[in-house]
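Reminder, nothing fancy here: chain letters follow the sequence lines and each chain counts from 1. Values below: every heavy atom of this structure, side chains too, minus hydrogens, waters and symmetry copies.
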There are 2 protein chains.
Amino acid sequence: MTDKDRTISDRIQKQLDDMTRAERQLALSILENYPASGLGPLAALAKGANVSVPTVARMVQKLGYKGYPDFQTDLRDELGAIAKGPIAKHETWAGAAPSEHILNRFTDAVIDNIRNTLAHIDPAAFDRACALAADRDRHLYIVGGRITHTLAEYMFLHMQVIRPNLTHVQSTSNTWPHYLLNAAEGDVFIIFDVRRYENNTLKLAEMARARGAKIVLFTDQWRSPVHRLADISLTSRIIVPSAWDSLATPMLLVETMISAVQTLNWDDTKGRMQELEDIFDQTKLFRKFT
Amino acid sequence: MTDKDRTISDRIQKQLDDMTRAERQLALSILENYPASGLGPLAALAKGANVSVPTVARMVQKLGYKGYPDFQTDLRDELGAIAKGPIAKHETWAGAAPSEHILNRFTDAVIDNIRNTLAHIDPAAFDRACALAADRDRHLYIVGGRITHTLAEYMFLHMQVIRPNLTHVQSTSNTWPHYLLNAAEGDVFIIFDVRRYENNTLKLAEMARARGAKIVLFTDQWRSPVHRLADISLTSRIIVPSAWDSLATPMLLVETMISAVQTLNWDDTKGRMQELEDIFDQTKLFRKFT
DNA sequence: ACGGGCCTGTGATAAATTTTTCACAATTCT
DNA sequence: AGAATTGTGAAAAATTTATCACAGGCCCGT
C-alpha cells in the first residue's frame with residue numbers, strides 16, 4: 001500500500017478496474033457524493049446507486065472491511081482527519097496538486113470565464129437565438145472558422161439529430177459561396193468567430209445579411225466585427241493562462257443551446273431519441289429503468 | 001430564522017448560551033470535530049463528549065429533530081452540500097434569468113462536472129501524459145470517434161503549432177489502419193472515447209498497443225473499455241440536463257494539456273508560432289488584431 | 001445550612017432500525 | 001450452454017435508538 005492509497009477514495013478508484021458492473025456502479029455512486037453518501041444507511045446507499053443491498057454488503061467486505069459499520073467508521077475517521085488539516089487552504093480544484101499547478105490555474109480561469117460570461121448574458125436574447133435555431137422552416141447554416149469550426153461541427157452533429165434542413169459551412173474553405181446561393185430570406189446563420197477574427201467569416205456574414213438571413217453570433221468578449229451584422233450576439237470570456245484562448249465557455253453555451261433547442265423540438269425529436277436510448281442500453285453500463 | 005442559521009453548526013452555536021452544562025459540553029464536542037463526530041452512533045458521541053446517552057437524545061429533540069437519525073440525515077445533507085464547494089452553492093449564474101432557466105441549470109451541472117473531475121484526477125498522471133504528448137521523438141497520433149473527433153481535431157490544431165510529427169486519426173473512418181502501419185514502439189496515441197464507446201476505437205487501441213505504443217485516454221466516468229489498454233486514463237464527468245453528454249469538461253482538460261505541453265516545448269514553439277503568424281499575415285486570412 | 005427545583009447520569013428495557021446472510025432465480029458474459 | 005454476477009425476498013442477528021424511573025448532584029434563594 002503506497003502513498004497514494006491513503007484515502008478510501010483512492011483505494012476505491014484503484015480497484016475500479018477489477019470490479020464488476022454493479023460494484024463499479026456502486027463505487028461511482030460513492031465517489032459521486034463523497035463521503036456523505038457512504039455515511040448513511042446501507043439501504044439508502046444501495047438505492048442511490050441502483051444496486052441491491054447484498055451487493056453493497058459484498059463489496060465492503062471485498063474492500064477488506066468486517067462490515068458496513070466498519071467501513072463507515074473508516075470514512076468518518078478520514079473525514080475527521082481532513083477537517084483537521086489546513087482548513088483555510090485556498091481552494092484548489094485538483095486537491096492532490098498544489099494551487100500553482102496548471103490544472104488548478106487553468107480551471108480557475110475557466111470557472112471565472114464561465115461566471116463572467118453568464119453574468120453578462122441576456123437570457124431573453126439567448127432564448128430568441130434558441131427559437132431561431134429550433135425553427136425548422138428556416139434553413140440553418142452553422143459556420144465556423146479555422147479553429148472554431150470544431151465547435152461548429154460539434155453543434156452541427158447534434159442539431160442533425162434534432163432537426164432537418166441544416167448545413168455546416170466552413171468559412172475557411174473556398175466552397176462557402178456555393179452554399180450562399182441557396183440561402184433565402186429568413187434563414188438562420190449561426191456563426192462562430194473569435195479572435196483573431198477571420199475576413200472570410202465577415203464576408204460570409206455580410207452576404208448572408210444581404211440575403212435577408214438572421215445571424216446568431218458566438219464570439220468573444222472583444223466581439224468579432226460580425227456582431228454589427230448579427231441579430232443576436234452571444235459573447236464569452238475566453239482568457240486562460242495559455243498562449244491560446246479557451247473555447248470551453250463557448251462550448252458550454254453551445255451545449256446549452258443544443259439542450260434548449262432539443263427541448264423546443266421535443267415532440268418531433270422524441271422518436272429519434274428513442275433510438276439513441278436503445279443504443280444506450282447496449283452499452284450495458286446501467287440497469288434498465290423499470 | 002435568518003441568513004446565519006443555514007448550517008447546523010450555526011444553529012448550535014447560536015443556542016450555545018441557552019444550553020445547560022451537559023448540553024454545552026455535548027455541543028462543543030460536536031463542533032470540535034464537525035461534522036464527523038455527529039455522524040457516528042449516538043453512544044459514541046455521548047462517550048466522546050463525556051455525556052450520557054439520554055442527554056444526547058434529549059438535545060437533538062430540543063434542536064427540533066424527530067430523533068438522532070433525523071439529525072444525522074441533516075448533517076449528511078449539509079456535508080454533501082459543503083463538499084460541492086462554495087461555488088456550487090446554488091448560485092444563479094445568469095442573474096437575469098430564474099434559476100430554473102436552462103442556462104443556470106446547465107451551467108450548474110457543468111461546474112459540478114468540473115469540480116468532480118478535478119477532485120478525482122491524478123495530477124502526476126496528468127503530468128506524465130503531458131510529457132508524453134510533448135515528446136517530439138515520439139510520433140503523436142490523436143484519435144477521435146464520431147462525436148469526439150471534434151475534440152481530437154481541436155487538440156490536433158493546436159498541437160500542430162506546438163510540435164511536429166503528429167497525425168490526426170478518425171477512428172470512424174476506414175482509413176485508420178493505414179496510419180497504424182507506420183506506428184512504432186514508443187509512439188503516443190491520445191485517444192478520445194466517451195459513451196457510447198466505439199468498437200473501432202477499441203480495435204485501434206488494441207492494435208496500437210500491440211505495436212508497443214503508449215496510450216493516453218480521455219474518457220468519461222464510466223470509462224471506455226480502452227482504459228484497460230491505456231497507460232494513462234483521464235476521466236471526466238460529463239452529465240448534464242440534456243439528452244446528450246457534455247464535452248465541456250474534457251475540453252477543459254484538453255486545453256489544459258495544450259497549455260502544459262506548450263510550456264514544456266516553449267523554446268521551440270515560440271519560433272513556430274511566429275512563423276504561423278507570418279503565414280497568416282501573408283494570406284490575409286485574418287484581420288489584424290487591434 | 002437547607003430545601004426545592006432543575007439538570008444529569010445510571011441501568012435497564014422495549015422498540016425500531018439496520019446489518020447480515022441465505023437460497024434461489026434472473027440476468028449477463030463468454 | 002455454462003459460469004459468473006446480480007437481484008429478490010425474507011428472516012435472523014446485531015446494533016442502535018428511544019424511553020423510563022429514579023437517584024444523586026448542583027444552583028439558588030431564603
Next on the checklist: If I take atom CD in residue Q25(A) and atom P in nucleotide dT28(C), what distance separates them, rounded to the nearest angstrom?
Outcome noted: 12 Å
Next on the checklist: Tell me the interatomic distance from K62(B), atom NZ, to dC6(C), atom C1', rounded to whole angstroms.
Outcome noted: 10 Å
Next on the checklist: Strictly below 4.0 Å: does R58(B) bring a side-chain N or O up to OP1 or OP2 of dC6(C)?
Outcome noted: no
Next on the checklist: Under 4.0 Å between a side-chain nitrogen and a carboxylate oxygen: does that hold for D18(B) and R24(B)?
Outcome noted: no
Next on the checklist: What I want to find out is whether D17(A) reaches R223(B) closely enough, with some N-O distance under 4.0 Å, to be called a salt bridge.
Outcome noted: yes
Item to check | Between dT8(C) (P) and R24(B) (CZ): distance, integer Å | outcome: 9 Å
Next on the checklist: Whether R237(B) and D112(B) form a salt bridge (side-chain N of Lys/Arg under 4.0 Å from carboxylate O of Asp/Glu) is what I want to check.
Outcome noted: yes
Next on the checklist: So D108(B) and R105(B), do their side chains get closer than 4.5 Å, heavy atoms only?
Outcome noted: no
Next on the checklist: Taking the side chain as everything from C-beta on, heavy atoms only, tell me whether L253(B) gets closer than 4.5 Å to I121(B).
Outcome noted: yes
Next on the checklist: I need the CD-C1' distance between E23(A) and dA4(D), as an integer number of Å.
Outcome noted: 12 Å
Checklist entry - Is the distance from OP1 or OP2 of dG7(D) to the nearest side-chain N or O of T55(A) less than 4.0 Å? => result yes
Next on the checklist: Distance check needed: dG25(D) P versus R21(B) CZ, whole Å only.
Outcome noted: 13 Å
Checklist entry - To the nearest Å, how far apart are L45(B) CG and dA18(D) P? => result 12 Å
Item to check | Side-chain touch V143(B)/I190(B), heavy atoms, less than 4.5 angstrom | outcome: no
Checklist entry - Should T20(B) be listed as having a side-chain N or O under 4.0 Å from OP1 or OP2 of dC6(C)? => result no
Checklist entry - Rounded to whole angstroms, how far apart are OH on Y65(B) and P on dA18(D)? => result 14 Å
Next on the checklist: Please determine whether a side-chain nitrogen of the Lys or Arg among R58(B) and E23(B) lies less than 4.0 Å from a carboxylate oxygen of the Asp or Glu.
Outcome noted: no
Please tabulate the protein-to-nucleotide N/O contacts below 3.5 Å involving nucleotides 17-20 of chain C, giving atom names and distances.
unit_1, atom_1, unit_2, atom_2, d
dT19(C), OP2, L42(A), N, 2.7
dT20(C), OP1, Y68(A), N, 3.1
dT20(C), OP2, Y68(A), N, 3.0

Checklist entry - Between K47(A) (NZ) and dT8(D) (P), how many Å, whole number? => result 12 Å
